[in-house]
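What follows is one structure encoded as structure tokens, with my remarks underneath.
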Amino acid sequence: MPWNPVLIDSEILAVHAAFLNFDRIIYFAGSQYDAQKPTGIENTRLYNCGTGEVSKVVGGPGFDLFCCGHALSANGTLLAAGGTAAYEQASGPHATHWPGTRGAAVVRYKPPSAAKWVNIAPLNRGIQDPHSESEETGGRWYPTLLTLGNGDILALSGHPGDGDLEHNNFIPEVFQPFPWPDGEWHRLGSYSNAAQRQLFDNHRTTFYPRAHLLPTGDVVFTTMTELNRRTVSMTVKDNPWSATFHDVCQFTPVNGPDYNNVGFRETSVLLPLLAGEQYQRRRVLIAGGKDAWILDLSDWEPGKTPPDALQWERTERALSGHPRRMSGNAVLLPTGEVLFVGGVKGTIEGLEKDSTGVQTPEVFDPHTNKWTALTAPKERAKVVRNYHSVALLMRDGRVWTAGSCHDGASGLINAEMRIEIYEPWYYGNPNRPEILAAPDRFTTGDQFVLRTTQATEIRGVAMVRAGSCTHAFNADQRYVSMAFHHEGSNILIVTAPPNGNIAPAGIYFLYTINDQGLPSEGITIYHNTDPASDTEGSWDALFQT
């Protein structure tokens with residue numbers, strides 16, 4: 001039964017969601033897309049993946065997390081930054097966008113303590129617009145946060161406060177947790193430096209840009225640059241704080257007649273990184289328009305490969321009529337496949353109507369580059385997922401879906417408050433392998449013993465990074481397979497990924513996959529990239545105050 005028939009009351013609108021440790025999903029919405037803020041701005045809930053119970057997280061960071069960005073840190077703590085300073089579309093240079101806030105906070109769940117939000121160092125101030133009466137500068141509304149290979153967290157794009165000289169906070173900032181416990185944000189350039197400003201302005205992307213960390217350490221943008229419609233990558237440098245850009249290729253999908261490149265309506269996925277290919281095959285997928293597109297970066301070397309030596313390749317989706325899936329979510333499954341759920345067809349003008357909801361899931365197989373439409377009646381979702389919907393992989397391989405605004409409209413009256421769980425074909429299959437024992441933590445490059453049933457039939461061992469999702473994009477999810485060999489009875493000797501650019505430190509689900517393609521139920525593990533660091537305990541004092 002692919003969709004569990006039991007729908008669960010989410011109690012609040014799930015605009016933002018992330019998997020925390022101990023089988024919990026945290027989801028939140030700040031002011032819940034309601035200008036009247038009838039329930040305030042501290043709306044956070046915790047979902048128990050084992051029992052289905054929803055519990056309230058008391059308190060909040062004191063600023064409106066609605067339309068913030070977030071990413072999971074090296075210790076599994078969720079960092080959220082930016083959000084909505086006010087429900088108002090400013091005039092003049094800031095027209096049509098709401099002002100962003102500089103607030104930043106972290107939250108975690110670590111029994112016996114309850115989940116708790118704690119404020120940390122805010123984002124940097126911007127440059128004051130001499131013609132504005134407001135002094136609110138800097139901050140980010142509609143930003144993307146991305147965890148880097150060294151554990152730092154990158155904040156990209158977003159609309160600043162309405163007193164800012166810029167309309168898009170296009171110079172990224174990097175969060176470092178040092179000095180403990182509040183950390184520090186470093187801007188990669190200065191708005192007052194004309195050359196630096198021009199560099200980042202030339203490579204500016206839309207709000208909520210889609211970005212992925214490549215095994216090279218570069219960040220590739222699958223959202224095109226605004227000025228010249230290009231695909232680019234960025235290399236972050238920390239001494240001094242700066243960045244270099246590399247021109248990759250023309251953003252071909254923009255030429256498709258039905259492609260709707262509005263950053264927060266399309267989804268993007270870094271396809272599985274495979275040990276058997278020495279992590280050399282590096283591909284990204286974008287989907288949401290009539291067709292999906294893949295960019296293969298396997299032979300690309302930043303700064304060496306000539307621009308346009310690569311190109312985006314169309315991959316034809318299987319669903320009849322090729323409906324657009326605006327605001328649909330893509331989830332990496334334990335099998336390495338990509339599940340595409342939710343979204344609405346909309347219209348060619350981009351109007352979001354629930355009546356055009358796409359309730360039939362699709363699956364993309366990265367091994368064959370083929371799409372499959374799951375058209376059986378039981379595969380059809382009950383709930384239409386529109387703007388402000390989310391989807392996350394759970395440890396046991398099910399997919400949690402929530403959120404949505406009816407017809408994309410604001411106000412609590414239009415908030416979708418039902419959680420629906422997708423149970424893929426392998427869920428409940430009695431022939432799934434079972435992980436009997438494995439370390440609950442290991443470090444980059446380690447070899448470790450994994451005990452599993454069906455050991456001689458296991459063809460894959462993979463770790464999937466816990467996800468955090470908002471506005472149809474999950475920057476944290478990541479599928480990394482690992483080299484292994486069988487060593488008698490039920491024992492596998494597994495080699496962890498070689499560096500943090502392939503697998504950034506954090507919480508992962510560990511799976512074994514047998515030769516029939518059946519994945520085990522996952523176990524939660526902590527992957528570290530520096531055995532000398534105390535990333536897990538470093539924020540303890542902050543949460544105990």
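Sequence positions, counted from 1, serve as the residue numbers for this chain.
- Interatomic distance, OG1 of Thr101 versus CH2 of Trp98, reported as 14.5 Å (0.5 Å rounding).
- The pair Arg210-Glu266 fails the salt-bridge criterion, with no side-chain N (NZ, NE, NH1 or NH2) lying under 4.0 Å from an Asp/Glu carboxylate O.
- The backbone N or O of Ser73 lies less than 3.5 Å from no partner atom in the side chain of Thr77, so there is not a single donor-acceptor pair.
- Taking the six-membered ring where tryptophan is involved, the planes of His167 and His97 are tilted, since the angle between them lies from 30° to 60°.
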Show the numbers, then the answer: is there a side-chain contact (heavy atoms from CB on, under 4.5 Å) between Thr225 and Leu227?
-> CA-CA 6 Å; Thr225 58; Leu227 294 183; 5.6 Å; no
Apply side-chain hydrogen bond (donor to acceptor under 3.5 Å, both in side chains) to Thr84 and Asp64, showing your working.
-> CA-CA 6 Å; Thr84 302; Asp64 192 352; 4.8 Å; no
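- Between Phe63 and Cys68, the closest side-chain pair of non-hydrogen atoms is not below 4.5 Å.
- Within the structure, no pair that satisfies the salt bridge (Lys or Arg N to Asp or Glu O under 4.0 Å) test touches residues 147-157, not counting sequence neighbours.
- Between His471 and His16, the ring-plane angle classifies as tilted under the 30° and 60° cut-offs.
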side-chain contact (heavy atoms from CB on, under 4.5 Å) between Thr495 and Met482, worked out = CA-CA 6 Å; Thr495 303; Met482 291 182 282; 5.9 Å; no
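- Between Phe175 and His186, the ring centre distance reaches or exceeds 6.0 Å.
- Taking each heavy atom of Pro209 and Ser157 in turn, the nearest pair found is CD-CB, 3.7 Å.
- Although no hydrogens or angles enter the test, the distance criterion places no donor-acceptor pair under 3.5 Å between the side chain of Asp182 and the main chain of Ala121.
- Scanning both residues, Cys469 and Val390, for their nearest heavy atoms gives O-CG1, 3.5 Å.
- Judged purely by distance below 3.5 Å, without hydrogens or angles, the side chains of Trp117 and Thr44 pair a donor atom with an acceptor atom.
- Heavy atoms of other residues, nucleotides or ligands lying less than 6.0 angstrom from CD of Glu521 number more than 12.
- In summary, Lys304 and Asp299 do not engage in a salt bridge, as defined by a charged side-chain N under 4.0 Å from a carboxylate O.
- A distance-only check finds no donor-acceptor pair linking the side chain of Ser389 to the backbone of Ala402 [under 3.5 Å].
- Residues Arg125 and Thr137 have side chains that bring a donor and an acceptor to within less than 3.5 angstrom of each other.
- The two residues Ala287 and Phe340 have their closest heavy-atom pair at CB-CE2, 3.7 Å.
- Side-chain atoms of Asp238 do not come within 3.5 Å of backbone N or O of Trp241 as any donor-acceptor pair.
- A donor-acceptor pair under 3.5 Å links the side-chain atoms of Arg398 to the main chain of Cys49, judged by distance alone.
- A distance-only check finds no donor-acceptor pair linking the side chain of Arg265 to the backbone of Ser327 [under 3.5 Å].
- In this pair, Tyr27 and Trp400 present their aromatic rings tilted. The plane angle is within the 30 to 60° band.
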Worked verdict on Arg140 versus Glu173 for salt bridge (charged side-chain N to carboxylate O under 4.0 Å, His left out) | CA-CA 11 Å; Arg140 298 178 187 270; Glu173 296 171 71; 2.9 Å; yes
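- Aromatic ring centres of Tyr208 and His159: separated by at least 6.0 Å.
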Check the pair Trp293 / Thr252 against side-chain hydrogen bond (donor to acceptor under 3.5 Å, both in side chains), numbers first and verdict last.
-> CA-CA 9 Å; Trp293 297 77; Thr252 313; over 6 Å; no
Worked check of side-chain contact (heavy atoms from CB on, under 4.5 Å) between Leu213 and Arg478 = CA-CA 10 Å; Leu213 175 70; Arg478 197 175 190 86; 4.0 Å; yes
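- Taking every heavy atom of both residues into account, Gln250 and Trp312 meet most closely at O-CD1, 3.4 Å.
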Chi angles and distances behind the side-chain hydrogen bond (donor to acceptor under 3.5 Å, both in side chains) call for Gln198, Gln196 | CA-CA 5 Å; Gln198 191 64 53; Gln196 291 176 357; over 6 Å; no
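- Judged by distance alone, the side chain of Ser242 and the main-chain N or O of Pro240 form a donor-acceptor pair under 3.5 Å.
- Between Arg283 and Asp296 no salt bridge is recorded (no basic side-chain N to carboxylate O distance below 4.0 Å).
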With side-chain contact (heavy atoms from CB on, under 4.5 Å) as the test, would you mind laying out the steps for Val399 and Leu392 before giving the verdict?
-> CA-CA 6 Å; Val399 176; Leu392 287 174; over 6 Å; no
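- For the residue pair Asn499 / Thr444, no side-chain donor-acceptor distance below 3.5 Å is found, with atom types taken as modelled.
- When all heavy atoms are compared, the tightest approach of Met394 to Ile25 is CG-CD1, 4.0 Å.
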How far apart are the C-alpha atoms of Phe19 and Phe509, what are their side-chain angles, what is the distance that settles it, and do they pass the ring pair (Phe, Tyr, Trp, His ring centres under 6.0 Å) test?
-> CA-CA 11 Å; Phe19 183 91; Phe509 306 140; 4.7 Å; yes
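- Here Tyr191 and Phe170 bring their ring centres to under 6.0 angstrom of each other.
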Under the salt bridge (charged side-chain N to carboxylate O under 4.0 Å, His left out) rule, what do Asp446 and Arg441 come out as? Steps first, then yes or no, please.
-> CA-CA 10 Å; Asp446 277 357; Arg441 65 198 62 217; over 6 Å; no
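- Interatomic distance, CG of Asn21 versus CG of Asp440, reported as 9.5 Å (0.5 Å rounding).
- Ring centroids of Phe245 and Phe200 are separated by less than 6.0 Å, placing the two rings close together.
- Heavy-atom minimum distance, Leu46 versus Leu20: CD1-CD1, 4.3 Å.
- Checking Thr315 against Asn369 by side-chain atom types alone, no donor-acceptor pair falls below 3.5 Å.
- If you look at Phe66 and Phe28, their ring centroids are not closer than 6.0 Å.
- Glu166 has a carboxylate O that lies under 4.0 Å from a charged side-chain N of Arg197, or vice versa, which qualifies the two as a salt bridge.
- Of the possible polar contacts, one joining the His94 side chain to the Asp164 backbone as a donor-acceptor pair under 3.5 Å is found.
- In this structure, CG on Asp23 lies 10.0 Å from OH on Tyr47, to the nearest 0.5 angstrom.
- Summarising the geometry, atom CZ belonging to Phe251 is positioned 12.5 Å from atom CG belonging to Asn228; distances are rounded to the nearest 0.5 Å.
- Heavy-atom contacts from other residues, nucleotides or ligands closer than 6.0 Å to CZ of Arg451 number 12 or fewer.
- Side chains of Ser468 and Asp476: a donor on one and an acceptor on the other come within 3.5 Å.
- Remark: side-chain polar atoms of Arg282 are not paired, donor with acceptor, to backbone N or O of Thr216 under 3.5 angstrom.
- A donor-acceptor pair is defined here as one N or O able to donate and one able to accept, closer than 3.5 Å; no such pair exists between the side chain of Tyr526 and the backbone of Thr443.
- Two residues are said to be in side-chain contact when any heavy atoms from C-beta on lie closer than 4.5 Å; Leu492 and Glu487 fail this criterion.
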